[in-house]
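Notes follow once the structure below has been shown.
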Protein chains: 2
Amino acid sequence: MVTINEVAKAAGVSISTVSYALSGKRSISRATRERIDRAIRELGYTPNAGARMLAGARTNILALSAPLHADGHLPTHMRFVTEVVRAARERDYDVLLLARDDEVTGIRRVASTSLVDGVVAMGVTERDERVALVRSLGVAAAFIGVPGDSGGIACVDLDFAEAARMAVERLVADGHRTIGVIGHPHGYVDRQQTFMARFEDGLAAAAAEAGVRIVHEWAEVSRGAGARAADALLDAAEPPTAIIFHCNEPAVEEAERRVRERGLAVPQDLSLFAAAASYDPGRLEIPLSGITLPMEEMCTSAVEAALGLRDGVAQATTRILAPALVDRGSVAAVV
Amino acid sequence: MVTINEVAKAAGVSISTVSYALSGKRSISRATRERIDRAIRELGYTPNAGARMLAGARTNILALSAPLHADGHLPTHMRFVTEVVRAARERDYDVLLLARDDEVTGIRRVASTSLVDGVVAMGVTERDERVALVRSLGVAAAFIGVPGDSGGIACVDLDFAEAARMAVERLVADGHRTIGVIGHPHGYVDRQQTFMARFEDGLAAAAAEAGVRIVHEWAEVSRGAGARAADALLDAAEPPTAIIFHCNEPAVEEAERRVRERGLAVPQDLSLFAAAASYDPGRLEIPLSGITLPMEEMCTSAVEAALGLRDGVAQATTRILAPALVDRGSVAAVV
DNA sequence: TTGAAAGCGATACCAA
DNA sequence: TTGGTATCGCTTTCAA
C-alpha cells in the first residue's frame, strides 16, 4: 500500500505538505502542487481510511438505521434507503446500513466506536428508543419522522396533518360530504409510526371543521386487502362519494381495479385522492390527484442535519415540509 | 472518549494486557481479566474503530455493491441486501452500501482506502466490470451470480440451468408437450444478467432432450404485463398446457388472476410452476409448485467467501447451489 | 502471565 | 510557502 510518506519522498516534499495539498487547508505553490499531484498519480496513492479517522476528527461515514417491519412496504423502504445513500454520497459520505434487529444496538456500536460521524434514522415511532439513545451517546443524528420527544434533535417530515387537511378540503370544495379513507395496515398505528397519528388528527380536524363524515378502512398487506377495503366503503348504507388513499401502492392498485370492476367512473361517479403517496400517483392505472411524499428532500435534509451537527444534538430542529397538491383529474364535483 | 490507556490505568495493567484481554489472543490470569473487565464496564470503554483499522489489519466492514435497475424488482433487491446484512452481522461485520451509480467506483474507493475488508457484489452480469476491478485491486470479493470470466474469484449462485431442467422435466413427466415460459423483463437478458442465459440454456437443453416445445413470453414491469403474457401464451393456436414462471411476483400474481378469469382450473386445465422464485410460491393466491431462490444461503455463502479470502482472490471458487423442488399441487397430468 | 515500545498512516500545530 | 514532529488509539513483537 502506498503511503503519504512515499508520496512525499517522490515529490521531494514533507508529508505535511502532501497532507495540506490533499486537504487544501493551506496554500501550496503551483510547482509544488504539480509535483505532488504527479507523485500521487504515478504511485496510485489513496489515503488510508483508518489513519484518517484516527488523526482527523471525522470518518466520512454515516449510519442509516432502517428498521423493516413484517407489514412494511419494501419498495418504499428501499427508496428511502437509496435516497439517503444518494444524499450522503453527494456529500462524500458513505452509508453503513443498520438493519435486521440491529437498528438500535447498531447505533450504539458504530457511534461509541467512532465509526460514523452521524446517524440517520428512518421508521420513526412516537416513543422511539433511538431518541434517548442518540442523546445519551451525543452523536449527531437526524430522524426521518418526528418522534414524540423531539426536543433538541433534528427531524424532518412531511406535514402529514396538513396533507390530510388539504385532501379533505379539496374534496369538500367539490361538495363531498362523506369521505372514505383507506389507510396503511393497522400495524402502522399500533406501533405508533408517528406520521399515522398526525395524518389521522389532520383528517379528523378538517372533517370536523367542514362538518363532513369520514369513513375509515385499513388495508392490510395481504392480497386483496385493497379491494376489500374499497368494497367495504362502497357497500355501506351511505357510501362515500370520494376516497382518500393513505396506503401503499398495491392497495391503491387493487382498489382502483375494484372501482373499475364495480362500473364506477372516476371522477364522475367517485373521486379518488392519493395522500402522502410513497409512489407516483400519476402512473397508476387511473392517475390520481394528490400529494406525493417528498422523499428526496426528506432524505437530503436528514443527511445534512446528521452531518451539520458537529457540536452534538443540541442545536437540532424539526423541519416540517409543506405538502404540494398536484391535480390529475381524479377529483370532481358530486353529481 | 475513553481510551485503552485509561482502562489500563484503572485496571493497573499495561495497555497490551488490555488489548490481549479484548482480543483473547493470549491467556490472561483470572484476576487480571476481572480487573480489566470491571474497568471497561465502569468506564464504558469501547475501542476506537479508526485506531483498530490502522493498527490491526482489518476494518470489520464489508462493502455491498448493489446495482439497481429501472426494471429491477425492489422487494427482491431489498431481500438480498438484508440477507447480506444479516450474514455480515452474524460475523461481527458491518455493511457499507454502495448504490446509486456508485456500485463500481465505490468499490475502488472503499477498497483502495482500506475502508473495507471485502466486497460482496450482487446483480452480476456476464461481462461484469467489477470482476476486473476487484482483481486489480486485490480485494477479497464474492459475487452473487457467476460472471463470464469467473476464474479465481468467489461466486455463488443457484444452479439456474438445473432449475430450468427440473421444471421442464417435472412437466414432461406429467405429459406436457407444449410448455409456456413467462420470463423476467427482457432488459434482464439485454444487460446480460448471468442467471438469465443459464436458465434459458437449461430450458432449451431439457426441452430438446424431451422433444417438447417451449413458448416464451417476457413480462415487463408495466402493470398488466403478467396478464398480457399469460394471454399471449393461452391465445396461441397451440396453447401450452403448462406455464413455467421465471419472473417476479407481481407478474405471477397477474398471470394467476388472468388464468382464473379465463376460467382455467389449476392444475386440471393448466399446470403452473414457479422456477427460481425470489418470493414464496406457497403464498400466492394459487400456491405453486416450484423452486425457490435460496437467498439466505446465497448471501451467507457470499459473505463468508468475501471474508475468508484473506490472502487475496486467488483461492476463490464458484459455488453452485442445487435447486430444491417443492410440490404444492399446481402441476398435474395433461387431460 | 505480563510489560515496554515500535509501529500503523494520517492530521495539524508550531516554527522557519 | 514549506518542514518537522507530536499525536490520534490501538495491535503486536520482543523481552522478562
Side-chain angles (χ1 to χ4, degrees), chain A residues 1-40 43-61 92 94 109-117 310, chain B residues 1-37 39-40 43-61 92 109-117 310:
Chain A
M1 177 202 274
V2 184
T3 72
I4 197 172
N5 249 300
E6 307 174 41
V7 173
K9 206 157 294 172
V13 297
S14 72
I15 64 165
S16 57
T17 300
V18 175
S19 177
Y20 283 117
L22 244 38
S23 68
K25 287 185 183 174
R26 82 180 182 192
S27 51
I28 309 279
S29 76
R30 215 181 124 72
T32 306
R33 149 141 281 137
E34 276 169 5
R35 293 216 313 285
I36 293 175
D37 284 350
R38 208 162 61 86
I40 288 177
L43 296 172
Y45 166 73
T46 34
N48 179 280
R52 276 201 145 154
M53 289 188 199
L54 183 56
R58 62 212 291 173
T59 68
N60 273 66
I61 302 177
D92 200 28
D94 268 301
R109 171 167 36 82
V110 301
S112 65
T113 58
S114 299
L115 217 200
V116 305
D117 294 335
R310 295 251 162 277
Chain B
M1 178 202 274
V2 183
T3 72
I4 197 173
N5 248 298
E6 307 174 40
V7 173
K9 207 157 295 173
V13 297
S14 71
I15 63 166
S16 58
T17 301
V18 176
S19 177
Y20 283 118
L22 245 36
S23 68
K25 287 185 182 172
R26 81 180 183 192
S27 52
I28 309 278
S29 76
R30 214 180 124 72
T32 305
R33 148 142 283 137
E34 275 169 6
R35 294 217 313 287
I36 292 175
D37 284 349
I40 288 177
L43 295 172
Y45 168 73
T46 32
N48 178 281
R52 275 202 147 154
M53 290 187 197
L54 183 56
R58 63 212 290 172
T59 68
N60 273 70
I61 302 178
D92 199 29
R109 171 166 36 81
V110 301
S112 65
T113 59
S114 299
L115 216 201
V116 304
D117 294 336
R310 295 250 163 278

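Note on naming: letters A, B, ... go to the chains in the order of the sequence lines (proteins, then strands), and numbering restarts at 1 for each one.
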Practice prompt. Take B/Leu115 and A/Ile61 through the side chain to side chain contact (heavy atoms under 4.5 Å, CB included) test and state the conclusion after the steps.
Written response: CA-CA 10 Å; B/Leu115 216 201; A/Ile61 302 177; 3.7 Å; yes
message: Between B/Arg52 and A/Thr113, is the side chain to side chain contact (heavy atoms under 4.5 Å, CB included) condition met? List the steps.
response: CA-CA 10 Å; B/Arg52 275 202 147 154; A/Thr113 58; over 6 Å; no
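Under a 3.5 Å cut-off, the side chain of B/Thr59 and the backbone N or O of B/Met53 do not form any donor-acceptor pair. Checking side-chain atoms of B/Asn60 against main-chain N and O of B/Asp92 turns up a donor-acceptor pair under 3.5 Å. Side chain of B/Ser112 to backbone of A/Thr46: no donor-acceptor contact under 3.5 angstrom is found.
D/dC10 atom P lies 17 Å from atom CZ of B/Arg58, rounded to whole Å. D/dC10 atom C1' lies 14 Å from atom CG of A/Leu115, rounded to whole Å. Taking atom CG of B/Asn60 as the reference point, atom C1' of D/dT11 lies 14 Å away to the nearest angstrom. Rounding to whole angstrom units, CG of residue A/Asn5 and P of D/dG3 are separated by 13 Å. Residue B/Arg52 contributes atom CZ, which lies 19 Å from atom P of D/dC8 at whole-angstrom precision.
For D/dT2, the base has a donor-acceptor partner in the side chain of A/Arg26 [N/O atoms by modelled type, under 3.5 angstrom].
Comparing A/Met1 and A/Ser23 by the nucleotide of DNA chain C that holds the closest heavy atom to each, the one mapping nearer the 5' end is A/Met1.
Across the helix from C/dT1-D/dA16 to C/dA16-D/dT1, the helix axis at one end is tilted relative to the axis at the other end by 30° (nearest 10 degrees, each axis from five pairs).
Among pairs with a residue in residues 3-12 of chain B, none fulfils side chain to side chain donor-acceptor pair (under 3.5 Å), at least two apart in sequence or across chains.
Non-hydrogen atoms lying under 4.0 Å from DNA chain C are contributed by B/Ser27, B/Ile28, B/Ser29, B/Thr32, all within residues 27-37 of chain B. At a non-hydrogen distance threshold of 4.0 Å, A/Gly12, A/Val13, A/Ser14, A/Ile15, A/Ser16, A/Thr17 from residues 9-18 of chain A come into contact with DNA chain D.
Phosphate proximity of D/dC10 to B/Tyr45: present, with a side-chain N or O under 4.0 Å from OP1 or OP2.
Nearest heavy atom pair, residue B/Ala8 against residue B/Ser14, reads CB-C, 3.8 Å. A/Ser19 and A/Ile4 make their closest contact through N-CD1, 3.8 Å (heavy atoms, listed as atom of the first residue, atom of the second, distance). The two residues B/Gly12 and B/Arg35 make their nearest non-hydrogen contact at O-NH2, 3.7 Å.
For the pairing with A/Arg33, the side chain to side chain contact (heavy atoms under 4.5 Å, CB included) check across A/Val13, A/Thr17, A/Ile28 returns one residue only, A/Ile28.
For B/Ala55, there are no side chain to side chain contact (heavy atoms under 4.5 Å, CB included) partners, not counting sequence neighbours.
Running 5' to 3' along DNA chain C, contacts with non-hydrogen atoms of chain B at under 4.0 Å begin and end at C/dT1 to C/dG9.
In this structure, B/Leu22 and B/Ile40 have side chains that are in contact, with non-hydrogen atoms separated by less than 4.5 Å.
Remark: A/Glu34 does not engage A/Arg38 in a salt bridge, criterion side-chain N to carboxylate O under 4.0 Å.
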